[in-house]
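Written below as structure tokens is the structure these notes are about.
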Number of protein chains: 4
Amino acid sequence: MIDKPKFRRRKDARPGEIIEAALDVFADHGFAQARLDDIAERAGVSKGSIYLHFSSKEDLFRAVVTKSIAPNVAMVRDLAHSGDADFVQLMEMLPRLLGQVLKASQVGAVAKIVIGESRNFPALALHWHNEVVNPMLSIFTGLIAAAQHSGRVRSGEPRLFAVQLAGPVMLGFLWHEIMEPIGAEPIPFEDLLHQHVQTMLRGMLINLDKIDE
Amino acid sequence: MIDKPKFRRRKDARPGEIIEAALDVFADHGFAQARLDDIAERAGVSKGSIYLHFSSKEDLFRAVVTKSIAPNVAMVRDLAHSGDADFVQLMEMLPRLLGQVLKASQVGAVAKIVIGESRNFPALALHWHNEVVNPMLSIFTGLIAAAQHSGRVRSGEPRLFAVQLAGPVMLGFLWHEIMEPIGAEPIPFEDLLHQHVQTMLRGMLINLDKIDE
Amino acid sequence: MIDKPKFRRRKDARPGEIIEAALDVFADHGFAQARLDDIAERAGVSKGSIYLHFSSKEDLFRAVVTKSIAPNVAMVRDLAHSGDADFVQLMEMLPRLLGQVLKASQVGAVAKIVIGESRNFPALALHWHNEVVNPMLSIFTGLIAAAQHSGRVRSGEPRLFAVQLAGPVMLGFLWHEIMEPIGAEPIPFEDLLHQHVQTMLRGMLINLDKIDE
Amino acid sequence: MIDKPKFRRRKDARPGEIIEAALDVFADHGFAQARLDDIAERAGVSKGSIYLHFSSKEDLFRAVVTKSIAPNVAMVRDLAHSGDADFVQLMEMLPRLLGQVLKASQVGAVAKIVIGESRNFPALALHWHNEVVNPMLSIFTGLIAAAQHSGRVRSGEPRLFAVQLAGPVMLGFLWHEIMEPIGAEPIPFEDLLHQHVQTMLRGMLINLDKIDE
DNA sequence: AATGAATGAGCGTTCATTCAT
DNA sequence: CATGAATGAACGCTCATTCAT
């Protein structure tokens, strides 16, 4: 009773706490099944307080998506500027980074919701596309196009090459998120990334000296 | 009273009609947003009738998933038995078939829901895994393993190769389903499949004569 | 417990019962303070049932207004057709009828709400105007104009005469509804009507023989 | 911190400013729909500050009513003491004054709320009755009774005569407030007052010389 | 078997009120 | 005095589920 300060007076911290709690609840139950009561309770605030910072459940979800996206966007930007590395090296690094982020953060959980709710909240899918998927794809695309110009990569649509690179990363992650929890045989993520990059490089490069031992 | 003919369909057809209607509604709105009223109306039955055949909304959804899976399972089985074709030929055919099915049926839409609701309905994800994903993966895996034994494919984990093959198909499909409706630049699905198979073959095969022109 | 049949199956009667209950509750508490729970309870139905017949609280209120207006509209129409009576006789009858209706029905209570909520629900005020106030005013206006043409009533704007006739009726009624419940000295409604009609006739008629004893 | 001058008004002015703001908001939205946030914002104070001066929303509304009534009470008193004017002249002046006040101030808007909320706040209706309606009615009643004693006005209940005089003023005003905003044909207020007074005088006076030209 | 009126628990949202600062 | 973040009870509305017919 007495150990529960009713008013904490730290407005600035609240939205973040609420978003964190909401992230967990959304990740656990999806958008529709998530209850604001649960989010409020987990955030340690009253339900009404949520509305001091977010105008609706949907708005809160948007914030969650944006927030969970932010660090990834930063990562993507950093990757974009690490362009001085060798093409082959980058090809080996990037999917690994991608995978690390997916697993380290709740991005994957949010991504699943965005996928499931894409028809109900197209704006979120758009946000996701603009901030995460497309930039990341563009980076790969740019690298590949450059490598083609310098004669190291075979002809072919660079954007499709990028999709080819990213696809198994995504599938591996979804497997990890969806199938492994229900008892399916795991897909070793690191091995998958390594083998995929090797295979893709062999399929894309004109001169295989670099990757042949 | 007497002016209402009511051509009663043979009763056995009812569940099927309901499932069909439910498939459409679930595909359009997702699980939580789908309303039984809409499903009943689309199926041309009363809302109460749904409960004559399905014990709950979840049960109905399970049936929808199972039903929409069925033809794919069949397709998978057929693929499995067409094993007399050449490895390269199969590699070119299978992803194409996969893509066709995804686009021709509502499977993809259901898959999106299963992804989004996987935490809420793990049993469905399991069903999906057992009936669709795993068999399909196994077929690819088996083919690749066989090709490795016959010395045509490089060493490497065959199951991972299968994931590498399927990943871009799924990513391309999700892009088609989620990103294109919101105005993103389309990914040409056929081109993607073709280029991916070519790249993967080049990366996997020991002897490249077959695919070099 | 056992005397409470859960399902009564008489859809046609329900809306009427709900409207009646709503009329009472709205009359008691006004629009905003009326709770759907109370209306449902008074109508002997569940809260959800209200939404089988009315799409919203506002819609229900509209129905209440319309319903409580209906008999008055009929009365107005009847009055309009009883035009064969003598002008003086009608002048004595009409306000009396008006007063009777106000007191016999809940119209007055509804009118009060319409007045109070006119800014929030202009559509209702419009409905009230079109269906009740204006027709009634038109009848008076027509009668007076006719009497002017036949040389029995002095010159003057007939519509204003009608307002002059109706005003005290309304004021007397509002007094009865608002002031008397809180202990104000009553205004004897019948006496008011009688005296007002006599005064107005004396003020309007050219030949006073009829009303002078 | 220091760059926030905050010209503090003398604190005594605060309640008045809040009441003014509240008057506007109540007039615009009615009691239930009025939000304390809006009132606070319009008054330029914080929401909590309202509670330094008023114990509840109802209390604030009471203050608004009292305050908006005050000048009218004064006006009524002044009228009461201007009794040296001629009866006919007063009859012509008073309704005009009444009408002016209704239109010039927000009294009418408040009156509408009092009417609509009379069941919820009987105390307010009582206040309104004691401070405004009854005094005003008493003045009319007294004047008429005096005129009867001096043999200038016909027999009849003087209080009812007063109601007869005030009724159309009120009806005309409500029409102006409620019906005209929704597109109803206006009732010319000045003309109404003039014609009503003429008619009433003709109906009440024994000797018509004064008003016959 | 089939209906569809009825249910009622549940949830998102609002807002008057409180109180630590 | 004044603030405004925080509260929490309340309410309108939804919809999966039930059951008398």
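What you see below is based on every heavy atom in this structure, not just the backbone, and it leaves out hydrogens, waters and symmetry mates.
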Kindly point out which of dT17(E), dT3(E), dT3(F) is positioned nearest to the side chain of L52(D)? dT3(F)
Between atom CG in L60(B) and atom C1' in dA16(F), what is the gap in whole Å? 12 Å
Can you find a side chain N or O atom of S49(D) that sits less than 4.0 Å from OP1 or OP2 on dA2(F)? no
Provide, to the nearest angstrom, the distance between the CD1 atom belonging to I18(B) and the P atom belonging to dT17(F). 14 Å
Let's see if you get this right: which residues in residues 24-35 of chain B place a heavy atom under 4.0 Å from DNA chain F? A34(B), R35(B)
Going by the side-chain hydrogen bond (donor to acceptor under 3.5 Å, both in side chains) test, which pairs reach into residues 107-125 of chain B, not counting sequence neighbours? K112(A)-S118(B), S118(A)-K112(B), E177(A)-R119(B), E117(B)-N120(B)
For a side chain to side chain contact (heavy atoms under 4.5 Å, CB included) check, start with the C-alpha distance between L36(A) and Y51(A), then their side-chain angles and the critical distance, and finish with the verdict. CA-CA 10 Å; L36(A) 288 189; Y51(A) 287 85; 3.1 Å; yes
Between S55(A) and G48(C), just flag the one whose closest nucleotide in DNA chain E comes earlier from the 5' side. G48(C)
Please identify each residue that fulfils side chain to side chain donor-acceptor pair (under 3.5 Å) with E20(D), with sequence neighbours left out. none
Side chain to side chain donor-acceptor pair (under 3.5 Å) partners for E58(D), two or more places apart: none
Confirm from the modelled atom types if K47(B) and dT17(F) form a donor-acceptor pair under 3.5 Å, side chain to base only. yes
For A111(B), side chain to side chain contact (heavy atoms under 4.5 Å, CB included) partners two or more places apart: W128(B)
Does Q106(D) form a side chain to side chain contact (heavy atoms under 4.5 Å, CB included) with F26(D)? I'd like the steps, not just the answer. CA-CA 10 Å; Q106(D) 294 265 42; F26(D) 282 134; over 6 Å; no
Could you tell me whether the phosphate oxygens of dC1(F), OP1 or OP2, come under 4.0 Å of any side-chain nitrogen or oxygen in H53(D)? no
F54(C) CZ - dA6(E) C1' separation (whole Å): 15 Å
Please classify the nucleic acid contact of K57(A) as base, sugar-phosphate, or nothing, using heavy-atom distances under 4.0 Å. sugar-phosphate
So, is S46(D) close to the dG4(F) phosphate, meaning a side-chain N or O under 4.0 Å from OP1 or OP2? no
Stems where DNA chain E pairs, listed by first number, each of three or more Watson-Crick or G-U pairs under 3.5 Å: E:2-21 with F:2-21
Residues that L124(C) engages under side chain to side chain contact (heavy atoms under 4.5 Å, CB included), provided they are two or more places apart: F61(C), R62(C), V65(C), F121(C)
Side chain to side chain donor-acceptor pair (under 3.5 Å) filter on Q33(B), not counting sequence neighbours, yields none
Taking DNA chain E as the partner, which of residues 112-126 of chain A come within under 4.0 angstrom of it by heavy atom? none
Run the side chain to side chain donor-acceptor pair (under 3.5 Å) test against T66(B) and tell me which residues pass, sequence neighbours left out. H127(B)
Rounded off to whole Å, could you give me the CG-to-P distance for the D37(C) and dG10(E) pair? 15 Å
In this structure, how many angstroms lie between the P atom of dA2(E) and the OH atom of Y51(B), rounded? 17 Å
Report the distance from atom CD of E41(A) to atom P of dC11(E), rounded to the nearest whole Å. 13 Å
Show the numbers, then the answer: is there a side chain to side chain contact (heavy atoms under 4.5 Å, CB included) between K67(C) and L23(C)? CA-CA 9 Å; K67(C) 174 82 173 289; L23(C) 172 57; over 6 Å; no
What pairs of donor and acceptor atoms, side-chain ones from residues 39-48 of chain C against any protein atom, are under 3.5 angstrom apart with sequence neighbours left out?
from	atom 1	to	atom 2	distance (Å)
S46(C)	OG	S49(C)	N	3.3
S46(C)	OG	S49(C)	OG	3.2

Any base atoms under 4.0 Å from L36(C), or only sugar-phosphate, or nothing? Heavy atoms, all strands. sugar-phosphate
Whole angstroms only, please: what is the CD1-C1' distance between I50(D) and dG4(F)? 12 Å
Residues in side chain to side chain contact (heavy atoms under 4.5 Å, CB included) contact with F54(D), at least two apart in sequence or another chain: P15(D), I18(D), I19(D), I50(D), D59(D), L60(D), A63(D)
